[in-house]
Number of protein chains: 2
Amino acid sequence: MAATQTLPRTARAQDVAEAAGVSTATVSRAFNTPAKVAPAVRDRVFAAAAILGWLPHAAGSALARRRTSIAGVVIPTLGQEVFATQVEAMQAAFAEHDITLLIGCSNYDPDQAAQQVRTMLARGVDALAVLGQIPQAGLFEVVQARRVPFVITYGSAPGSTHPCVGFDNATAFSEITRYLLALGHQIFGMILPPTLHNERIVARLAGVRSALADEGLGLRPQHIFEGEYGILAGRKALRQILGANGPRPTAIICGNDLLAIGALFEARTMGLVVPRDLSITGFDDISMAGEIDPALTTMKVNNVEIGRLAVEYLVSQLCGEAAPSEVLILPALVERSTTAPPPK
Amino acid sequence: MAATQTLPRTARAQDVAEAAGVSTATVSRAFNTPAKVAPAVRDRVFAAAAILGWLPHAAGSALARRRTSIAGVVIPTLGQEVFATQVEAMQAAFAEHDITLLIGCSNYDPDQAAQQVRTMLARGVDALAVLGQIPQAGLFEVVQARRVPFVITYGSAPGSTHPCVGFDNATAFSEITRYLLALGHQIFGMILPPTLHNERIVARLAGVRSALADEGLGLRPQHIFEGEYGILAGRKALRQILGANGPRPTAIICGNDLLAIGALFEARTMGLVVPRDLSITGFDDISMAGEIDPALTTMKVNNVEIGRLAVEYLVSQLCGEAAPSEVLILPALVERSTTAPPPK
DNA sequence: TATTTTAATGAAAGCGCTTGCATCGGCAGA
DNA sequence: TCTGCCGATGCAAGCGCTTTCATTAAAATA
């Protein structure tokens, strides 16, 4: 029979301290505030730690420090380039502050989002970013009660009570509408992702309507298509809109680039030449937008910037600094080759 | 002057215990093993917790339990659909086990990847998945020393010493090559992402070569293009390959779908009709692949499955169960409309 | 040389939670 | 009515680290 064998626990600060002939206090200092430790001692500690393969155990230090150095972000899905980009930017920005990022996906479901937020709070995140909007009434209060710095990204309802970094969806879509109006378009179609639980999309529609109204124009119901995401949805939408009774739109405003690309593909399938016969605009400026042919006219949303600014805000909160609770970035029109004046 | 004000700390188990008139032990049990607590008491505890807005503090419980319920995943970037999909699948699968996911991006840099792994270990992750390959010699030993369940995903060098779930890149590319050979192609071009630090890509090239060699064929150097990722790279590559001296390839095998889409676009620009004049294949089957026109023939890699299986493996390790240390999935040929017999 | 200042270190008290062990009633069986 | 047993609970000892405070040694000053 094998003798009772104490399996070699993973090393603790205590072990390193003994190996280096110092106290745990010194071990801790050697790693966290090396300047406070004599070089010779420091080297001994590092050497001992290396031999034992010791890394400070986060739970212990989180407990003692009252912070975990972990931040959380909740997004609808990683499957959309826009969101993935933003998360990646956050991860990089947080890394500079030695903060690691916990992610949660909500699949566009407010309940799942709320659950994710709660889970993250329980994990003790030091800061929290939620993409889009606060998922449930009352949840914000829970976050506040825990004193966890918090920010909404991407969307921004002007005058929202929550700190946010993003852009004004309505304004952006008004801008793109005015651009098309300036080209001479009068009849518009609009293709949208699902508006359910998604205030951003609702705002986009409102933005288009408002710019049109300024010119005494409007959007006919049969020229509005609300459906799923993606290229296929864009194709289907275009077919349906152009097949509707009455005068045909000469410009199609799409709620995002993927829908626009779908519309573009379908236009070609239908024998239309873009932009001669039909103008199409996207939104987001995903990487494909500039690479397809004809290249898509769209609005660039700098998601890297959003991610970076959101982290900047959260970190400044963490440091107890004051910071503006609403920071807006401006989407920029990227005029490429899918827009032109309407056919005569 | 305001009196010295003790700011209301966030509640602890102690506070809940007092409010409910029980001990902290009971509070803990009420949340973790409700069956062990009398219903009436349990309700009192829950009520008190709700009023105080208490959630168990993860650091404390991690310390006591010796586990954090956090897993880590390190990937090159979230910007590629393939990786993002896998991460999302992992997040969902881990969530079923109440494990939250920490992510780190390496930007294809082995040093950054190694750093991310170390950071995650320091954060006390219970399990770790690394996409692609182990970034540095020696790192695996550190992970092992910490007894953290570990898995490599996506890539799989057959006979690798590390547990992995993925597929055999060489075999997959041999398969697609044989498919094209069967269609009658004899001269092949290949477009690849950068091979530097990326054994998977090297394996893909090897797979193509080996299938060709079986038929006594080979790949001419001027028909191999290694460049960046993306559609633009695909365009440039096709132009270069078709512009080379000597006989033209009739089939282009691309290392991923984006390159293939680029090649496809460029072929159209050059006035070639795909697949009549040229066959093009992709790899991964990203969502676009089936939605462009002509739809791309490619190989589908089920990344959701990979993510799920990886989590399954890690969780079983966590539970001390035995599990096969190498699980392979089979990429499947998806025959669509960019391949046909070569022109006469 | 005597005294003050400064730097380096150790001792020890937590941080908030879990859990083995002891305790205490109450209930079933004798 | 008494003994045993069992379910429900509390006590208290950690989990591994940080950090204040005290202590000591060394350096700077008088």
Side-chain angles (χ1 to χ4, degrees), chain A residues 6-46 48-49 52-70 98 121-126 146-147, chain B residues 8-45 48-49 52-70 98 121-126 146-148:
Chain A
T6 51
L7 84 171
R9 292 170 304 82
T10 107
R12 297 161 313 167
Q14 179 71 22
D15 303 320
V16 176
E18 280 165 18
V22 298
S23 72
T24 59
T26 301
V27 172
S28 174
R29 280 188 285 254
F31 276 79
N32 298 311
T33 50
K36 290 190 179 172
V37 149
V41 178
R42 201 195 303 152
D43 292 345
R44 242 162 53 222
V45 172
F46 287 157
L52 295 171
W54 181 79
L55 290 171
H57 187 67
S61 97
L63 201 50
R65 291 201 151 108
R66 248 74 61 75
R67 52 185 299 184
T68 54
S69 294
I70 292 179
D98 282 316
L121 289 178
R123 293 282 180 271
V125 292
D126 288 340
R146 295 219 136 200
R147 297 192 163 57
Chain B
R9 292 170 303 83
T10 106
R12 297 162 314 169
Q14 179 71 30
D15 304 318
V16 176
E18 280 165 18
V22 297
S23 71
T24 59
T26 300
V27 173
S28 173
R29 281 189 282 254
F31 276 79
N32 298 311
T33 50
K36 290 191 178 171
V37 167
V41 178
R42 202 195 302 153
D43 292 345
R44 243 163 50 224
V45 171
L52 295 171
W54 181 80
L55 291 171
H57 187 66
S61 96
L63 201 49
R65 290 201 150 107
R66 247 72 62 74
R67 52 185 301 183
T68 54
S69 293
I70 292 179
D98 282 316
L121 289 177
R123 294 281 180 271
V125 292
D126 287 340
R146 295 221 136 200
R147 298 194 162 52
V148 172

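Numbered from 1 within each chain, the chains take letters A, B, ... in sequence-line order.
Helical stems in DNA chain D, defined as runs of 3 or more consecutive Watson-Crick or G-U wobble pairs with both donor-acceptor distances under 3.5 Å, are listed by first residue as C:1-30 with D:1-30.
The separation between B:Leu63 atom CG and D:dG16 atom C1' is 5 Å, rounded to whole Å. Across the protein-nucleic acid pair, B:Asn32 atom CG and C:dC17 atom P stand 11 Å apart, rounded to whole Å. The CZ atom of B:Arg44 sits 13 Å away from the C1' atom of D:dG10 (whole-angstrom rounding). Taking atom CZ of B:Arg66 as the reference point, atom C1' of D:dC17 lies 14 Å away to the nearest angstrom. Atom-to-atom, CZ of B:Arg42 to C1' of D:dG7 comes out at 13 Å; the value is rounded to the nearest Å. For the pair B:Gln14 CD and C:dC15 P, the computed distance is 10 Å after rounding to whole Å. To the nearest angstrom, P of C:dC17 lies 8 Å from CZ of B:Arg12. In this structure, CZ of A:Arg67 is placed 13 Å from P of D:dT18, rounded to the nearest angstrom.
In terms of phosphate contacts, B:Ser61 brings no side-chain nitrogen or oxygen within less than 4.0 Å of OP1 or OP2 of C:dC17.
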What are the atom names and distances for every N/O pair under 3.5 Å that joins the protein to nucleotides 9-13 of chain C?
residue: C:dT9; atom: OP2; partner: A:Ala38; partner atom: N; Å: 2.9
residue: C:dG10; atom: OP2; partner: A:Ser23; partner atom: N; Å: 2.9
residue: C:dG10; atom: OP2; partner: A:Ser23; partner atom: OG; Å: 3.1
residue: C:dG10; atom: OP2; partner: A:Thr26; partner atom: OG1; Å: 2.6
residue: C:dG10; atom: N7; partner: A:Arg29; partner atom: NH2; Å: 2.8
residue: C:dG10; atom: O6; partner: A:Arg29; partner atom: NH1; Å: 3.4

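Although no hydrogens or angles enter the test, the distance criterion places a donor-acceptor pair under 3.5 Å between the side chain of B:Arg146 and the main chain of A:Leu55.
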